[in-house]
Every structure is written in structure tokens, then in C-alpha cells.
Amino acid sequence: MSAILPVAKRGEIILTLKAAPVATSEFNTPWLEQLARAMQATMLERNGVGIAAPQVYVSKRVIIVASRPNPRYPDAPDMAAVVMVNPEILEFSEETCLGEEGCLSVPDERGTVARAQRILVRYFTLQGEQVETTFEGFPARIVQHEVDHLNGVLFVERI
Ligand code: K1U
Ligand code: ZN
């Protein structure tokens, strides 16, 4: 069982900061694994499909993406949660799509945001292995929303 962490809300400074990269010495450590576990437990408890470390008051470049079908995106893929450390979006498709977003840090607000339909992402696993992969549709939207959190940007600034 893992800790459920408090979630920062819009207006708090932590959500406006650019988060720091995870250092090489932090890969494969109990600290990073526990952070990821607690983030996942907090995301599940709040019924989210993603979460970024600054939302739980840790200004580090760690996100979780966990797409699943939902009333807004019934055709979304059901993904096992992916933990991404130091994610970088290397390519954005020119094609964009509009879609509804919510945010655990902006309760009771939804909005329509334009995002790239496809992205190429490079990230590291908790063990420090480098991965490069493409995301499309709803999972791509979640990645873009979470990387925005790492750069201090909330979806309400993109409406
Ligand atoms: O980062 C977060 O605040 C989590 C956020 C992720 C997200 C949802 C929708 C689009 C992009 C990113 C949420 O999980 S909000 C709650 C939610 O489960 C949800 C909201 C709208 C549509 C689908 C799901
Ligand atoms: Zn959010």
C-alpha cells in the first residue's frame, strides 16, 4: 500500500515552477520508486488518468499517464500506467485536435484544449532505461497536459 498525497491547487506557486530534471544518481533508488508509487495511488484515488510530480508538491520531472475509456473519450485505449522520468516531446504532429480536459489541480473546471494529435516522446524508466515512443489521440493529450505541468503551465492557460 502506498501513501495518498495532498494535491496542489491552482494558485499555489509549485504549479507555476519549471520542475528540475531527475538526476542520474536518483534512478533506481527507493526514493524515486516510492514517489512513483505514491503518485499512482494518488491519481487512482482521485480517479485521474494522469498526474505530474509538482501536483504532489515534488518539483521533479516525473509524470504518469494512464489512459482508459471514459464518458468523454469512450474509444480511449486502456493502458497500463506508464511512469515517465524526464520526458521530452521530440515531435508534435501538425494535425491538432480539440478535446475536453480536466485537472486534479483545478477541481470542478473543464475546458476544450487544442493539442497535437500525435507526438514522439523520449523518456526514462525508473531504472534509467531510455525509451522513445509515439502517442496518439487521448494518451497524447494526457502526455502534453502532464508535460505542461512540468513547465508550470495549466490547461486553463491554453483555453
Ligand atoms: O494532470 C491531471 O491533472 C490529471 C488529469 C489528466 C487529463 C485529463 C484529461 C485530459 C488531459 C489530461 C485528469 O485525470 S482529470 C480527471 C479525468 O479523469 C478526466 C477528465 C476529462 C476527461 C477524461 C478524464
Ligand atoms: Zn492537470
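Whatever order the structure lists them in is the order used to number ligands and atoms, beginning at 1. All heavy atoms count here, side chains included; hydrogens, waters and symmetry mates do not.
Rounding to the nearest 0.5 Å places CZ of Arg118 at 9.5 Å from SG of Cys97. Going from atom CE of Met79 over to atom CZ of Phe135 covers 5.0 Å, rounded to the nearest 0.5 Å.
Here the closest heavy-atom approach between residue Asn86 and residue Pro21 is recorded as OD1-CA, 3.4 Å. Annotation for Ala19 and Ser59: closest pair CA-OG, 3.5 Å, computed over non-hydrogen atoms. The shortest heavy-atom contact between Asp78 and Arg68 is OD1-CB, 3.7 Å.
If you chain together hydrophobic residues whose side chains sit under 4.5 Å apart, Met39 and Trp31 fall into the same group. Following chains of ILVMFWY side-chain contacts shorter than 4.5 Å, one cannot reach Leu44 starting from Ile63, and the two form parts of different hydrophobic clusters. Side-chain heavy atoms closer than 4.5 Å link hydrophobic residues (I, L, V, M, F, W, Y) into clusters, and following such links, possibly through other members, connects Val147 to Phe92. Val58 and Leu154 fall into different hydrophobic clusters, where Ile, Leu, Val, Met, Phe, Trp and Tyr side chains are chained together by heavy-atom contacts under 4.5 Å.
Distances shorter than 2.8 Å separate the Zn ion (ligand 2) from the protein N/O/S atoms Cys103 SG, His145 NE2, His149 NE2.
Of all protein heavy atoms, the one closest to atom 4 (C) of ligand 1 is Gly50 O, 3.1 Å. Protein heavy atom at the shortest distance from atom 5 (C) of ligand 1 is Gly102 O, 3.7 Å. Ranking protein heavy atoms by distance to atom 23 (C) of ligand 1, first place goes to Asn70 OD1, 3.4 Å. Regarding atom 24 (C) of ligand 1, its nearest protein heavy-atom neighbour is Val49 CG2, 4.1 Å.
Counted by atom type alone, Ser93 and Gln117 present zero donor-acceptor pairs between their side chains at under 3.5 Å.
Taking every non-hydrogen atom of Leu104 and a distance limit under 4.0 Å, the qualifying atoms of ligand 1 come out as 2 (C), 3 (O), 4 (C). Within ligand 1, counting atoms from 1 as listed, the ones closer than 4.0 Å to a heavy atom of Glu146 are 1 (O), 2 (C), 4 (C), 6 (C). Residue-ligand proximity, His149 to ligand 1, at heavy-atom distances under 4.0 Å covers atoms 1 (O), 3 (O). Near Cys103, meaning under 4.0 Å from any of its heavy atoms, are these atoms of ligand 1: 3 (O), 15 (S). The ligand atoms of ligand 1 that sit less than 4.0 angstrom from a heavy atom of Asn47 are 18 (O). Listed by number with element, the atoms of ligand 1 under 4.0 angstrom from any heavy atom of Glu101 are 9 (C), 10 (C), 11 (C). Under a 4.0 Å criterion applied to the non-hydrogen atoms of Gly48, ligand 1 contributes the atoms 14 (O), 18 (O). Listed by number with element, the atoms of ligand 1 under 4.0 Å from a non-hydrogen atom of Gln55 are 1 (O), 2 (C), 3 (O).
Around atom CZ of Arg72, no more than 12 heavy atoms belonging to other residues, nucleotides or ligands sit under 6.0 Å away. The neighbour count for Gln130 CD, taken as heavy atoms of other residues, nucleotides or ligands under 6.0 Å away, is above 12.
Close N/O approach between His145 and ligand 1 is found [any backbone or side-chain N/O within under 3.5 Å].
Ligand 1 has no atom lying under 4.0 Å from any heavy atom of Phe155. Remark: distances from the non-hydrogen atoms of Arg110 to ligand 1 include one below 4.0 Å.
Between Glu101 and Arg158 there is no salt bridge, since none of the side-chain N atoms of the basic residue sits less than 4.0 Å from a carboxylate O of the acidic one.
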